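Keep in mind that this is a model prediction, so the values were computed, not measured.
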Amino acid sequence: MKDNTRIILTRGGLAGMAAGVGLAVALTACGGSDPLATPSTSAGGAGGGSLVVGSADFPESQIVAEIYAGALTAAGVTATTKPNIGAREIYFKAVQDGSVDLVPDYSGNLLSHVDPEAAEVSADDIYKALPGKLPEGLAVLEASKAESKDAMVVTKATAEKYQLTSIEDLAKVCKDLTMAAPATFETRAYGFPGLKKNYGCELKSLKPFSDGGGNLTLQALLTDDVQVADIYTTTPSIADNDLVVLEDPKNNFKAQQVLPLYNKAKMTDKAKDALNAVSKILTTDDLVNLNRAVSGSQKQNAKDAAATWLKDKGIVK
């Protein structure tokens, strides 16, 4: 809603088989291959009864998916990964139809996805509400302290020009500003509808970017092609470029704790314990550092960054 120059940071209703075929065709047409087709063996070999960990189409989600898969493997549960599935609208259906068994998700946006009218905004209230809102067969495990929220971000120059410290300040000049965000921001509850409802902010226009707040979004902001951007709070480029995160006093952007969304069909107690162990120790600072490792100058791949984190935390010996 996820990068540092987070080069993204992102996260079964339509008639069964027909929808599945349509999705596969659409994904193949867009990307040349279907990300739901063949799992990666980045965290253990494929095999009967293995769990498939999917991810959204941005690096932070891919990193956490590799962490989940590595933790499962370390606990003796064979796990494979299917990265880059797409936005929440796509990966949620993949979990629902069993194309993948679990994905890392973000609590507030997940709740808004299953209940667009949900009023809960705090971490505890959102987590308590989720079980009763998820469709049959889906559930979530423990939420981590790690949080990656969408944020309205401007350059220091723009903040000084318009005297901006909060979205309330932004509302006074919204009509003159263009925003960079994923195309879905125009219709999601926390996007244009939420900004209008909570702050009376109606932006001049949306310039859609599919990198989820990554390098293309960043460059558009730095060159004043856009004046405000949706960038995740765990994106290192915010600090690296002295960007200003506008305060959100009316909680347009809900709490966003990282947690596993899973299909109950194949999830075992051993697997749950392994995933909950990750959630107990994963922090927001971890996400910032992992994003920097993958999308910054180090240019690690998600698997290697995850493996380092798992070893540092003692999950993998």
Side-chain angles (χ1 to χ4, degrees), residues 1-11 56-61 87-88 106 108-109 112 147-254 256 284 287-288 291-292 294-296:
M1 72 355 44
K2 52 118 202 106
D3 298 330
N4 60 351
T5 282
R6 162 172 164 162
I7 306 173
I8 325 184
L9 289 216
T10 201
R11 217 273 175 105
D57 53 354
F58 57 89
E60 183 174 284
S61 180
R88 179 172 291 100
Y106 301 87
N109 287 344
S112 293
E147 185 173 37
S148 182
K149 296 179 67 170
D150 292 80
M152 303 287 277
V153 177
V154 298
T155 63
K156 190 173 183 179
T158 296
E160 291 174 349
K161 178 179 179 180
Y162 296 106
Q163 298 184 313
L164 306 178
T165 60
S166 71
I167 304 177
E168 283 185 317
D169 299 330
L170 183 73
K172 301 171 187 175
V173 293
C174 273
K175 63 182 177 59
D176 299 320
L177 306 181
T178 297
M179 180 167 186
T184 52
F185 195 86
E186 196 162 12
T187 56
R188 284 182 173 175
Y190 60 84
F192 278 15
L195 293 173
K196 181 178 179 180
K197 176 182 176 182
N198 293 316
Y199 292 103
C201 171
E202 296 186 70
L203 288 148
K204 178 181 178 181
S205 62
L206 173 72
K207 183 161 284 192
F209 287 88
S210 60
D211 67 340
N215 193 49
L216 294 175
T217 298
L218 174 65
Q219 292 307 313
L221 188 64
L222 294 178
T223 59
D224 202 39
D225 188 32
V226 301
Q227 293 73 50
V228 59
D230 173 29
I231 300 179
Y232 296 114
T233 53
T234 54
T235 304
S237 63
I238 292 175
D240 295 346
N241 293 277
D242 202 20
L243 302 179
V244 177
V245 175
L246 298 179
E247 296 173 7
D248 180 20
K250 296 184 179 179
N251 295 307
N252 179 67
F253 299 108
K254 300 182 178 188
Q256 301 293 348
T284 300
L287 293 183
V288 174
N291 284 327
R292 181 173 279 112
V294 170
S295 299

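Interatomic distance, CG of Leu216 versus CG of Leu221, reported as 12.5 Å (0.5 Å rounding). Expressed to the nearest 0.5 Å, how far OG of Ser295 lies from CG of Asn215 amounts to 9.0 Å. How far CG of Asn241 is from CG of Leu218: 5.0 Å, rounded to the nearest 0.5 Å. Distance NZ/Lys149 to OG1/Thr233: 7.5 Å, rounded to 0.5 Å. Separation of atoms CG (Asp230) and CE (Met152) is listed at 7.5 Å; rounding is to 0.5 Å. The NZ atom of Lys254 sits 12.5 Å away from atom CG of Asp150, with the distance rounded to the nearest 0.5 Å.
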Check the pair Leu243, Thr155 against side chain to side chain contact (heavy atoms under 4.5 Å, CB included), reporting the backbone distance first and the verdict last.
-> CA-CA 5 Å; Leu243 302 179; Thr155 63; 4.2 Å; yes
Check the pair Lys161 / Gln227 against side chain to side chain contact (heavy atoms under 4.5 Å, CB included), numbers first and verdict last.
-> CA-CA 11 Å; Lys161 178 179 179 180; Gln227 293 73 50; over 6 Å; no
Can Val154 and Tyr162 be said to form a side chain to side chain contact (heavy atoms under 4.5 Å, CB included), step by step?
-> CA-CA 10 Å; Val154 298; Tyr162 296 106; over 6 Å; no
Take Leu164 and Val228 through the side chain to side chain contact (heavy atoms under 4.5 Å, CB included) test and state the conclusion after the steps.
-> CA-CA 11 Å; Leu164 306 178; Val228 59; over 6 Å; no
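A donor-acceptor contact shorter than 3.5 Å is absent between the side chain of Gln256 and the backbone of Ser148. One N or O on the side chain of Ser166 and one on the backbone of Asp169 form a donor-acceptor pair closer than 3.5 Å.
Nearest heavy atom pair, residue Val244 against residue Lys156, reads CG2-CA, 4.0 Å. For the residue pair Thr178 and Ser205, the shortest heavy atom distance occurs at OG1-OG, 3.1 Å. Leu206 and Ala183 get closest at one heavy-atom pair: CD2-O, 4.1 Å. The nearest pair of heavy atoms linking Ile231 to Gly213 is CG2-O, 4.0 Å. Residue Ala229 comes nearest to Met179 through the heavy atom pair C-CE, 4.0 Å, listed as atom of the first residue, atom of the second, then distance. When every heavy atom of Glu168 is checked against every heavy atom of Lys250, the shortest pair comes out as OE2-CE, 3.5 Å.
A perpendicular orientation is assigned to the rings of Phe192 and Phe185, their planes being inclined by more than 60° (bins at 30° and 60°).
Not a single side-chain hydrogen bond (donor to acceptor under 3.5 Å, both in side chains) links Thr187 to another residue, sequence neighbours left out. With sequence neighbours left out, Asn251 forms a side-chain hydrogen bond (donor to acceptor under 3.5 Å, both in side chains) with no residue at all. Lys207 pairs by the side-chain hydrogen bond (donor to acceptor under 3.5 Å, both in side chains) definition with Asp225, not counting sequence neighbours. Here Thr284 pairs with nothing under the side-chain hydrogen bond (donor to acceptor under 3.5 Å, both in side chains) rule; sequence neighbours left out.
For the disulfide (SG to SG under 2.5 Å) condition, the pairs that include at least one residue of residues 180-252, sequence neighbours left out, are Cys174-Cys201. Applying the side-chain hydrogen bond (donor to acceptor under 3.5 Å, both in side chains) test to pairs two or more places apart or on separate chains, those with a residue in residues 191-201 are Asn198-Asn252, Tyr199-Asp248.
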